[in-house]
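I have placed the structure first, in the form of structure tokens, so that the comments after it can refer back to it.
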4 protein chains.
Amino acid sequence: MGLSERREREKLARKEQILDAARTLLFKRGLQATTINQIAKLSELSVGTLYLYYKNKEEIFAELEKEGFDLLYQQILEAENKAVTQDEKVVGIAFSYIDFSHNFKDYFDIINYFLSTPELLFPPVIKNRIDKTAGKILKVLVDVINSGIDCGHFRKVDPVKHAVVLWGSLHGLIHFKKMEETMLQNENYRDYVKYMLDNYLYNLKSGVAR
Amino acid sequence: MGLSERREREKLARKEQILDAARTLLFKRGLQATTINQIAKLSELSVGTLYLYYKNKEEIFAELEKEGFDLLYQQILEAENKAVTQDEKVVGIAFSYIDFSHNFKDYFDIINYFLSTPELLFPPVIKNRIDKTAGKILKVLVDVINSGIDCGHFRKVDPVKHAVVLWGSLHGLIHFKKMEETMLQNENYRDYVKYMLDNYLYNLKSGVAR
Amino acid sequence: MGLSERREREKLARKEQILDAARTLLFKRGLQATTINQIAKLSELSVGTLYLYYKNKEEIFAELEKEGFDLLYQQILEAENKAVTQDEKVVGIAFSYIDFSHNFKDYFDIINYFLSTPELLFPPVIKNRIDKTAGKILKVLVDVINSGIDCGHFRKVDPVKHAVVLWGSLHGLIHFKKMEETMLQNENYRDYVKYMLDNYLYNLKSGVAR
Amino acid sequence: MGLSERREREKLARKEQILDAARTLLFKRGLQATTINQIAKLSELSVGTLYLYYKNKEEIFAELEKEGFDLLYQQILEAENKAVTQDEKVVGIAFSYIDFSHNFKDYFDIINYFLSTPELLFPPVIKNRIDKTAGKILKVLVDVINSGIDCGHFRKVDPVKHAVVLWGSLHGLIHFKKMEETMLQNENYRDYVKYMLDNYLYNLKSGVAR
DNA sequence: TATGAATGAGTCTTCATTCAT
DNA sequence: GATGAATGAAGACTCATTCAT
């Protein structure tokens with residue numbers, strides 16, 4: 001192993017060390033309440049060192065966003081594997097996203113944060129890295145839809161668009177949870193998700209001989 | 001006009017004066033960057049006076065959120081009126097939401113801010129007032145769907161749920177705009193909206209004699 | 001009853017109305033947390049009116065201080081009456097001050113506030129009125145000591161000085177309550193009071209044939 | 001000298017720098033009127049730096065309180081040393097406290113402030129550190145009384161209690177200075193102190209063969 | 001590389017008092 | 001006499017980032 005190789009490894013180790021602390025704090029205190037100084041203290045590094053490895057606070061959280069997407073990917077992959085039919089797979093994936101938004105609330109919040117903060121614009125490198133994971137997640141859905149089409153289970157839709165629409169719909173519905181008691185008229189918002197999925201599948205199959 | 005009547009009117013005028021400044025700043029600088037002191041200066045009132053009319057900063061923005069919903073309501077109503085068939089109405093309403101998210105980006109941002117900030121919880125009075133407007137907006141959609149069902153144009157779906165799902169889906173897709181160049185593979189995200197709407201309408205009508 | 005007489009009475013009623021509110025708030029929220037606006041609201045008068053009857057916030061609290069002294073006077077009088085021998089009277093009065101400092105903590109705090117805030121200097125009129133009540137309280141003690149001397153129970157001390165010393169000692173000990181767990185070595189500070197009184201009485205009687 | 005050693009020294013120097021400013025302002029403007037911004041400006045440090053060395057405003061003043069106690073301790077030790085007999089020592093210590101309350105009025109005020117502010121409760125660490133100094137002061141008195149007892153000069157009293165009572169009495173009398181012209185009937189309140197001390201000593205010695 | 005002390009503009013909010021009506 | 005809207009300086013405290021060592 002060369003010197004530069006070791007350097008590289010140590011660098012990664014340091015970055016991980018920082019992320020560990022940031023993650024812990026994010027989960028303990030939430031996004032807003034986590035400060036650079038706290039991360040420095042918990043990671044047993046100095047503030048200056050943090051800035052040696054990350055250009056600013058946002059970059060650290062961007063890394064955590066990627067982590068969140070990675071985790072989500074795992075969840076979705078698992079859900080996909082567990083299910084048998086294409087219908088079940090679609091439903092399974094959908095609910096694994098819903099569940100993710102609760103069980104890993106902090107990761108979901110951070111994903112959402114970057115998705116909905118208007119000003120925020122990442123340096124392309126980071127943004128691409130993140131979006132790639134998002135792309136992988138989408139691909140799982142796309143593949144399911146494709147295989148459903150292949151076996152004649154689903155009608156011949158545009159699989160990518162169909163996948164994006166599903167994910168977007170889920171994402172939007174999650175936002176409405178806050179209005180459960182008012183606009184959603186006290187009905188559990190999961191019922192809305194179910195309802196949406198029923199229609200989604202119905203649409204995928206209508207006109208298809210079953 | 002009695003004294004108390006004039007007082008009341010002046011009070012409203014002051015509140016409007018404050019909102020004018022807050023709105024201007026919100027549009028110029030964005031949500032996070034707008035401070036109480038700025039609002040005070042621009043409205044030509046003292047900081048103390050602001051706190052006479054609004055309990056805190058959040059309340060001012062809550063008022064603007066309500067404003068945003070009201071404006072959205074107007075837009076949607078207009079779109080509904082302009083369209084003739086139920087199909088057109090659905091599409092018109094949907095795109096008026098999409099357009100709203102661009103044309104009145106700041107209002108959309110503020111709505112989204114309150115929808116997705118996890119910690120934030122308004123005093124019930126305020127929350128209800130806002131959610132009521134949201135309810136009115138939803139109702140426009142519900143009515144369109146209902147009338148579509150009545151005239152045999154749409155199949156007999158649950159109109160409230162169908163409406164929520166539509167709005168949620170649109171809301172979610174808007175978030176994905178940020179990924180236009182990556183996940184959405186350089187396709188205009190409006191095409192996704194169109195695609196989604198096609199399917200939405202197809203679903204509403206499938207099984208219905210046309 | 002003349003007009004000016006009624007005016008006078010109404011004026012006093014207003015002042016009482018203000019004091020009622022101020023007292024309630026003082027007891028509910030404490031000295032620092034009570035604001036003029038709160039007093040105005042609770043008394044159902046306008047802020048401006050408050051300033052018509054009292055020159056400033058301090059004057060209102062000065063009135064309450066007087067009240068506190070008056071109440072203390074009652075307590076002490078009662079204790080004096082209840083006791084039979086001069087010894088018992090001294091002890092009774094002393095403990096009624098100690099009890100007052102707990103049972104009417106807010107009044108004690110306000111008395112102490114004016115006594116120990118260095119900058120504060122009242123307009124002579126107010127100060128005199130208050131000190132007069134303080135003088136009445138002192139007189140109760142003086143009288144007890146005097147009558148003790150008269151009946152040969154106590155030796156011929158300077159009754160005023162002896163009274164001041166007793167009151168001062170009690171007042172000082174009350175301040176030490178905060179150090180119960182440290183300097184006072186976990187012994188109840190009432191025991192210190194008892195101890196002090198024992199010695200005080202012993203002193204009053206030593207050399208006196210008993 | 002190692003690096004960490006120098007760091008430690010510089011840290012202490014900074015803390016002293018801050019205290020210097022705080023002390024100066026405390027003496028010039030009084031307790032309530034001294035603000036963090038003033039301290040920052042006078043100490044030629046930024047506000048943020050102040051908060052690097054002290055958790056909040058209270059902690060700075062707590063430090064000054066400790067300083068006051070330390071100074072008082074010196075004064076009392078000196079008085080104790082200067083005097084020869086136990087009687088003189090008691091009187092000397094007592095008047096050094098009285099003198100302290102005038103000559104170092106601001107230190108006395110701050111001590112009194114913390115002693116009589118009801119809400120204020122320090123974090124245990126700080127409180128203990130302060131109370132310890134208070135304990136040291138008390139011990140001087142206790143030792144004097146003890147040695148008086150040992151040499152048969154004083155009767156066998158409880159030395160701690162006797163010491164606390166003396167200090168408490170002095171502390172209380174100082175508060176009454178404000179009423180010199182009214183309740184104390186225009187007599188110099190030092191005479192009251194003298195009178196109190198006479199009796200205190202009389203009590204300490206009565207029954208003892210002289 | 002690594003440190004961590006220092007920055008200081010900026011945050012929201014409070015409140016006794018005034019004065020035109 | 002009575003009102004109460006308006007004031008605005010002042011308060012304590014935060015925190016991402018820098019830079020000399």
query: Rounding to a whole Å, what distance do you find between C:I18:CD1 and F:dG1:P?
result: 11 Å
- request: Tell me whether the OP1 or OP2 atom of E:dC15 has a side-chain N or O from C:T35 closer than 4.0 Å.
  value: no
- line: Taken to the nearest whole Å, CD1/D:I36 to C1'/E:dT7 is 16 Å
- prompt: Looking at D:Y54, is D:K15 sitting on its ring face, NZ or CZ under 6.0 Å from the six-membered ring centre and within 45 degrees of the normal?
  reply: yes
- prompt: What nucleotide, of F:dT3, E:dC12, E:dT7, holds the atom closest to the side chain of C:L52?
  reply: F:dT3
- request: Could you pick out which residue, D:N37 or B:G48, lies toward the 5' side of DNA chain F when each is mapped onto its nearest nucleotide?
  value: B:G48
field: G-U wobble or Watson-Crick pairing nucleotide for F:dA12 (cut-off 3.5 Å, both distances)
entry: E:dT11
query: Can you find a side chain N or O atom of C:R14 that sits less than 4.0 Å from OP1 or OP2 on F:dA2?
result: yes
- prompt: Please give, in whole Å, the distance from F:dT14 C1' to A:K57 NZ?
  reply: 11 Å
message: I want to confirm an ordering. Mapping D:T34 and B:E44 to their closest nucleotides on DNA chain F, which one lands closer to the 5' end?
response: B:E44
- request: Please determine if a side-chain N or O atom of D:T49 lies less than 4.0 Å away from the OP1 or OP2 oxygen of E:dA5.
  value: no
- prompt: Expressed in angstrom and rounded to an integer, what is the separation of C:N56 atom CG from E:dC15 atom P?
  reply: 16 Å
task: Send over the distance from B:E58 CD to E:dT13 C1', rounded to a whole Å.
output: 14 Å
query: Which listed nucleotide (E:dT14, F:dG1, F:dA12) is nearest to the side chain of C:Y53?
result: F:dG1
- line: Nearest heavy-atom approach of B:A62 to B:I130 is O-CD1, 3.7 Å
message: Looking only at the side chain of D:Y51 (C-beta and beyond, no hydrogens), which of the listed nucleotides F:dG4, F:dA12, E:dA16 gets closest?
response: F:dA12
statement: Test ring pair (Phe, Tyr, Trp, His ring centres under 6.0 Å), reference B:F27, set B:Y107, B:F104, B:F108, output is B:Y107
field: Side chain C:Q17, main chain C:S43, donor-acceptor under 3.5 Å
entry: yes
Distance in angstrom units between B:L50 CG and F:dT7 P, rounded: 10 Å
- prompt: Rounded to whole angstrom units, what separation is found between the CD1 atom of A:I39 and the P atom of F:dC15?
  reply: 12 Å
Distance test, side-chain N/O of C:S46 to OP1/OP2 of F:dA2, below 4.0 Å: no
query: Mapping D:L45 and B:K55 onto DNA chain E by nearest heavy atom, which one lands closer to the 5' end?
result: D:L45
field: Atom-pair distance (CZ on D:R29; P on F:dA10), nearest Å
entry: 11 Å
- prompt: So, D:Y113 versus D:F61, ring centres under 6.0 angstrom or not?
  reply: no
statement: Ranking B:Q38 and A:K11 by the position along DNA chain E of their nearest nucleotide, the one closer to 5' is A:K11
message: Under a 4.0 Å threshold between the charged nitrogen and the carboxylate oxygen, would D:E65 count as salt-bridged to D:R129?
response: no
query: Paired with E:dA20 by Watson-Crick or G-U wobble geometry, both distances under 3.5 Å: which nucleotide is it?
result: F:dT3
